[in-house]
Number of protein chains: 2
Amino acid sequence: MPSPTPTQQPLTRDEEAVVRALGRVILVIPRVMDADLMREQRLPFSEYGTLMHLSEAPHRRMRMSELAAAGDLSLSGMTRVVTRLEAQGLVKRVKCAEDARGLNAVLTDDGLARLEQAWPTHLDSVRRHIIDHLDGLDLVQLARALERFATAVEDPREPSASGDASE
Amino acid sequence: MPSPTPTQQPLTRDEEAVVRALGRVILVIPRVMDADLMREQRLPFSEYGTLMHLSEAPHRRMRMSELAAAGDLSLSGMTRVVTRLEAQGLVKRVKCAEDARGLNAVLTDDGLARLEQAWPTHLDSVRRHIIDHLDGLDLVQLARALERFATAVEDPREPSASGDASE
DNA sequence: TCTGATTAATTGCTACGGCAAGCAAGTTCC
DNA sequence: GGAACTTGCTTGCCGTAGCAATTAATCAGA
């Protein structure tokens, strides 16, 4: 595939600054968010996020595959997260009524309590590491831009409309 | 430590949107950047970044610890990255003249060539996934905000001015 | 200069997450 | 109804990265 965009001039100064800073953010933010939760709540972010997704779902329950998608994790990864949560009694796996292949991960009362306990820590973390540094920016436009980052890609495994002839 | 900030109101709508979008970006961007480089160049991003840092350093050489800091990686992590790069002949480890404990990772000619070969792929990746979605935003302010995200934290292992009495 | 403390880097151990293989349940078509 | 295929989830295996322990070299003090 010959490059369709021969315009390889090396980014403007400002673009480069954004990319470099973003690169750092991408490495550092997950680390500190996880560290904060871990230190103050003994709860890794992967588990916190999973509890959060469940708490927001219709009956505090989601299918494993939904949950994996919500957390941007592979299904096998989510299997492990839920296994850990289940071992702590924060989540239960319940056979799905209308499709016996499926499982629902259900947030238990303990799980909800754990989430509510951890929430202030995480919120504080978010404020200190992110929110407090946003002044001067248009939040609506920023959110839109960031959403495009994440979604413009879709899943590489998804077959695109244009049939990929190569390979 | 009782929370010094009792103001735990749950973020405005816009703040929440930014945080959610950023959370997704943080998960997805590194994955797609790595995937692009991997697919088109067989080069993981950790190695690409390391070659890049070396190429920008004074004599195409950096101490292991410098390099680790530049790449936001632990020293042991960088040891492994450099080991891999050395095995491919892209980098050499050279004993440091003025401190025999230290090692300089030196970018070889092959390493520079590899970087130059991979560069367009990465640049294209950056454009498609990031730059192309920034319109409408003030890049200078965005970069500043992102830099504050990353630096406001410093290292948690670093003892802060206020002596931590707990523990 | 010899002893002890500190620093630079590597290695052992472990945890996490992805892919691919496996297994169980559902669907389709004859 | 049952053989072939698909779908939902789990498990085996592997690669990567961090922390703690280790080794080697330097520095500080008697």
Rounded distance (Å) that lies between atom C1' of D/dG18 and atom CG of A/Leu27: 14 Å
Separation of C/dA15 C1' from A/Phe45 CZ (nearest whole Å): 18 Å
B/Leu103, nearest nucleotide to its side chain (from C/dA25, C/dA9, D/dT10): C/dA9
Quiz item: B/Arg80 side-chain donor-acceptor pair to D/dG15 base, under 3.5 Å: no
Proximal nucleotide (of C/dA24, D/dA17, C/dG17) relative to the B/Ser46 side chain: D/dA17
Lys/Arg N to Asp/Glu carboxylate O, A/Asp34 vs A/Arg31, below 4.0 Å: no
Between P of D/dT10 and CG of A/Asn104, the distance in whole Å: 12 Å
Pair B/Arg128 + B/Asp36: basic N to acidic O under 4.0 Å: yes
Charged N-O contact under 4.0 Å between B/Arg114 and B/Asp110: no
Carboxylate-amine/guanidinium proximity below 4.0 Å for A/Glu56 and B/Arg20: yes
Per A/Met64 side chain, nearest of listed nucleotides C/dA9, D/dA17, D/dC9: D/dC9
Atom-pair distance (CD on A/Glu66; P on D/dT7), nearest Å: 17 Å
Any B/Arg93 side-chain N or O less than 4.0 Å from OP1/OP2 of C/dT10: yes
Interatomic distance, B/Glu86 CD vs C/dT10 C1' [rounded to whole Å]: 13 Å
Out of D/dC9, C/dG18, D/dT26, whichever nucleotide has its closest atom nearest the side chain of B/Arg31: C/dG18
B/Lys95 NZ - D/dT23 C1' separation (whole Å): 12 Å
Protein-nucleotide distance (B/Leu75, atom CG; D/dA20, atom P), rounded to Å: 14 Å
Distance below 4.0 Å between B/Arg101 side-chain N/O and D/dT22 OP1 or OP2: no
Proximity to the side chain of A/Arg63 - top-ranked nucleotide from D/dT26, D/dA20, D/dC9: D/dC9
Contact nearer the 5' end of DNA chain D, comparing B/Asp72 with A/Gly102: A/Gly102
N/O (side chain, A/Ser65) to phosphate O (OP1/OP2, D/dT7) under 4.0 Å: no
Euclidean distance, atom CD of residue A/Glu98 to atom P of C/dG26 [Å, nearest integer]: 11 Å
Nearest-nucleotide pick for B/Ser76, side chain only, options being D/dC9, D/dG18, C/dG18: D/dG18
Most 5' of A/Arg84 and B/Thr83 on DNA chain C, judged by nearest nucleotide: B/Thr83
Candidate nucleotides C/dT11, D/dT10, D/dA25, ranked by approach to the side chain of B/Thr79 - the nearest: C/dT11
A/Arg144, CZ: over 12 other non-hydrogen atoms inside 6.0 angstrom: no
Residue whose nearest DNA chain D nucleotide is more 5′ - A/Asp99 or A/Gly77: A/Asp99
ring-ring contact (aromatic ring centres under 6.0 Å, His included) evaluation trace for B/His122 with B/Tyr48: CA-CA 9 Å; B/His122 181 61; B/Tyr48 177 87; 4.7 Å; yes
